[in-house]
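Below: the structure, in structure tokens.
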Amino acid sequence: MPLATWFRDRWQWVRQLNPWVLDAVLGTLFVLLGILTTGGDDATRIDPVRERDALAFLLILTTAAPFFFRRRLPAFTVIVVITSLGIYVSRGHYEGLLPTYLIVAMYTAGNYAETRRARFAAAYLVVVMAALLFTDAPGFDGGVFAGNAAIFLAAFFFGTSVKNRRLYTEELEARNVSLEREREEEARRAIADERLRIAQELHDVVAHSMGVIAVQAGVGAHVIDDDPAEAKRSLQAIAATSRSTLTELRRLLGVLRDDDGRAAHAPAPGLAALDQLAADLRGAGLPVELRVDGTPADVPTGVELAAYRIVQESLTNVLKHAGRASAQVVVACEPGVVRIEVVDDGRGVNGRGEGSGHGLLGMRERVAVYGGTLDAAPRVGGGFRVRAVLPYGVDE
């Protein structure tokens, strides 16, 4: 195992090197091996080996030189190598290690060449070898032809299989990147949609408050001469409503509406609607215990809406994901803050624990509007808990 690990580490190190550096080293090595290994003799031959001359050295260099740029021109490398080597063999020189260069060249063509060019290079190799066979090149007979053809074509198909595996891996990586991009885009769309809903609902709050102010102003203007006390009460109601509305407006960065410009005129649900929400979910098969502490009347309308939506989304998640479970909801209305806790005794880790669902994204956006906090996580021993803190304050 340590030896295998050592070889794997060395191979990873080699793969990280610049390909041009590797090819330069390989080309230089092939030039040296070509010169050093072709100076001997072949005792198995009947015909004497021809001594190397200037043309022989040129052919040796030509056989090795294409490996300096084998990845850039893989099919061309095969053509040059087999042509130079074919001429060298036909002249009766001792080949040395030159034929092994073709193994690397054929692997390179199968791995890096475009399919049509790679097939042409393989066919050209067979044609040149057949020409050597039929021209009675020294030391080249039918057995040598068959053996070499099998070795070279095996290297070619091995390179092709490596290429196919590489392309498949690259396709998987590209697909993973695309899926990750789509998930991020979907999350951004979910946030944008939730912000749109928040803006529309806050618009409803502001529109409702403005309606109250208009009515009170009308009443005050009507009774100011006959009943100053009633007019004063109307002005006090206008002051309280306007302060609450200004608080909501300061938190609203922009208002987005439907393309047709329509908006609902009914006031948004608040803490008073939680009883009906719990009853609806009980009717859907989810036992819900609800407790509201404090004075909800002192809570601004926008905060009530945010609290209602958080409870609604939390209970909906319990209904959809927790299986056979029950839920407990506690809403505490304290001075300047609303605290929410929703717990269930369901399956616990059910896809909600990472906080990446659209429902949790929406809750986080609602809490962020008021500078609050949200904690959503599995409970120890089973179940899930959502805690939210919504601070607020009314300007004097």
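If you read the sequence from its start, that first residue is 1, and numbering goes on from there.
- Remark: the backbone N or O of I35 is paired with a side-chain donor or acceptor of R52 at under 3.5 angstrom.
- With a 6.0 Å radius and a threshold of 12 heavy atoms from other residues, nucleotides or ligands, F145 has its CZ atom above the threshold.
- Hydrophobic cluster membership differs between V330 and L374, with clusters built from Ile, Leu, Val, Met, Phe, Trp and Tyr side chains linked at under 4.5 angstrom.
- Put simply, the side chain of D345 gets close to the backbone of S326: a donor and an acceptor are under 3.5 Å apart.
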Evaluate the criterion side-chain contact (heavy atoms from CB on, under 4.5 Å) for residue pair L153 and F157; output intermediate values, then yes/no.
-> CA-CA 6 Å; L153 292 179; F157 288 117; 4.3 Å; yes
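- Close placement of the F158 and Y107 rings is indicated, their centers lying within 6.0 Å of each other.
- Interatomic distance, L390 CG to E304 CD, rounded to the nearest 0.5 Å: 11.5 Å.
- Taking each heavy atom of H93 and E51 in turn, the nearest pair found is CE1-O, 3.0 Å.
- Under a hydrophobic clustering in which Ile, Leu, Val, Met, Phe, Trp and Tyr are joined whenever their side-chain heavy atoms come within less than 4.5 Å, directly or via other members, V127 and M129 fall into different clusters.
- Contact check for V104 versus L26: side-chain heavy atoms found under the 4.5 Å cut-off.
- When hydrophobic side chains of Ile, Leu, Val, Met, Phe, Trp and Tyr are connected at separations under 4.5 Å, V389 ends up clustered with V337.
- Checked by atom type and distance alone, the side chain of Y101 pairs as donor or acceptor with a backbone atom of G34 at under 3.5 Å.
- The number of heavy atoms from other shown groups lying within 6.0 Å of CG (L58) is above 12.
- Looking at every heavy atom in both residues, A118 comes nearest to A113 through CB-CB, 3.8 Å.
- Taking CG of L132 as the reference point, atom CD1 of I82 lies at 6.5 Å (rounded to 0.5 Å).
- Looking only at distances, no side-chain donor or acceptor of Q328 sits under 3.5 Å from a matching main-chain atom of E289.
- Taking the side chain as every heavy atom from C-beta outward, E182 and S178 approach each other to under 4.5 Å.
- Note: the hydrophobic cluster containing L97 also contains F57 (ILVMFWY, side chain heavy atoms under 4.5 Å, direct or indirect links).
- L271 has its side chain within reach of C333: a pair of non-hydrogen atoms, C-beta onward, lies under 4.5 Å apart.
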After noting the C-alpha distance and the side-chain angles of L277 and L274, does the key distance pass the side-chain contact (heavy atoms from CB on, under 4.5 Å) rule?
-> CA-CA 5 Å; L277 174 64; L274 288 177; 4.1 Å; yes
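- The distance from atom CG of L73 to atom CD1 of I79, rounded to the nearest 0.5 Å, is 10.0 Å.
- Counting only distance, with no hydrogens or angles, the side chain of R379 and the backbone of D344 share a donor-acceptor pair below 3.5 Å.
- Among pairs with a residue in residues 153-166, those fulfilling side chain to side chain donor-acceptor pair (under 3.5 Å) read N111-R166, at least two apart in sequence or across chains.
- Between the side chains of E180 and N176, not a single donor N or O lies within less than 3.5 Å of an accepting N or O.
- The OG1 atom of T100 sits 8.5 Å away from the CG atom of L102 when rounded to the nearest 0.5 Å.
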Given V78 and F152, is the side-chain contact (heavy atoms from CB on, under 4.5 Å) satisfied, shown in steps?
-> CA-CA 11 Å; V78 172; F152 298 148; over 6 Å; no
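- What you find for G294 and P296 is that their closest heavy atoms are O-CD, 3.3 Å.
- Put simply, the side chain of V177 reaches to within 4.5 Å of the side chain of R181, judged on heavy atoms.
- In terms of modelled atom types and a separation under 3.5 Å, the side chain of E95 and the main chain of L98 share no donor-acceptor contact.
- Other residues, nucleotides and ligands place no more than 12 heavy atoms under 6.0 Å from the CZ atom of R291.
- Looking at V386, V318, V343, V342 one by one, the single match for side-chain contact (heavy atoms from CB on, under 4.5 Å) with V329 turns out to be V342.
- For the side chain to side chain donor-acceptor pair (under 3.5 Å) test, residues two or more places apart in sequence or in another chain that qualify with E230 are R233.
- Counting all heavy atoms, side chain and backbone alike, P74 lies closest to A109 at CB-CA, 3.9 Å.
- In this structure, the separation between CG on L281 and CG on L286 is 5.5 Å, given to the nearest 0.5 Å.
- Looking at F67 and V81, their side chains come closer than 4.5 Å, going by heavy atoms from C-beta outward.
- By the salt bridge (charged side-chain N to carboxylate O under 4.0 Å, His left out) test, E185 pairs with R188, sequence neighbours left out.
- Taking 4.5 Å as the limit, some side-chain heavy atom of Y88 sits within range of a side-chain heavy atom of I60.
- Heavy-atom neighbours of R91 CZ from other residues, nucleotides or ligands within 6.0 Å: above the threshold of 12.
- The backbone N or O of I310 lies less than 3.5 Å from a partner atom in the side chain of S314, making a donor-acceptor pair.
- Judged as a side chain to side chain donor-acceptor pair (under 3.5 Å), the pairs with a partner in residues 60-84 (not counting sequence neighbours) are, in order, D23-R70, D23-R71, R70-T108, R71-Y112, T83-Y124.
- A salt bridge does not link E313 with R309: none of the charged nitrogens is closer than 4.0 Å to a carboxylate oxygen.
- For the atom pair CG of N148 and CD1 of I103, the computed distance is 8.5 Å after rounding to the nearest 0.5 Å.
- Sorted by first and then second residue, the pairs that involve residues 330-339 and meet side chain to side chain donor-acceptor pair (under 3.5 Å), not counting sequence neighbours, are E334-R339.
- Taking both residues in full, the closest heavy atoms of G372 and P391 are given as CA-CD, 3.5 Å, listed atom of the first, atom of the second, then distance.
- Taking both residues in full, the closest heavy atoms of G96 and P99 are given as O-CD, 3.6 Å, listed atom of the first, atom of the second, then distance.
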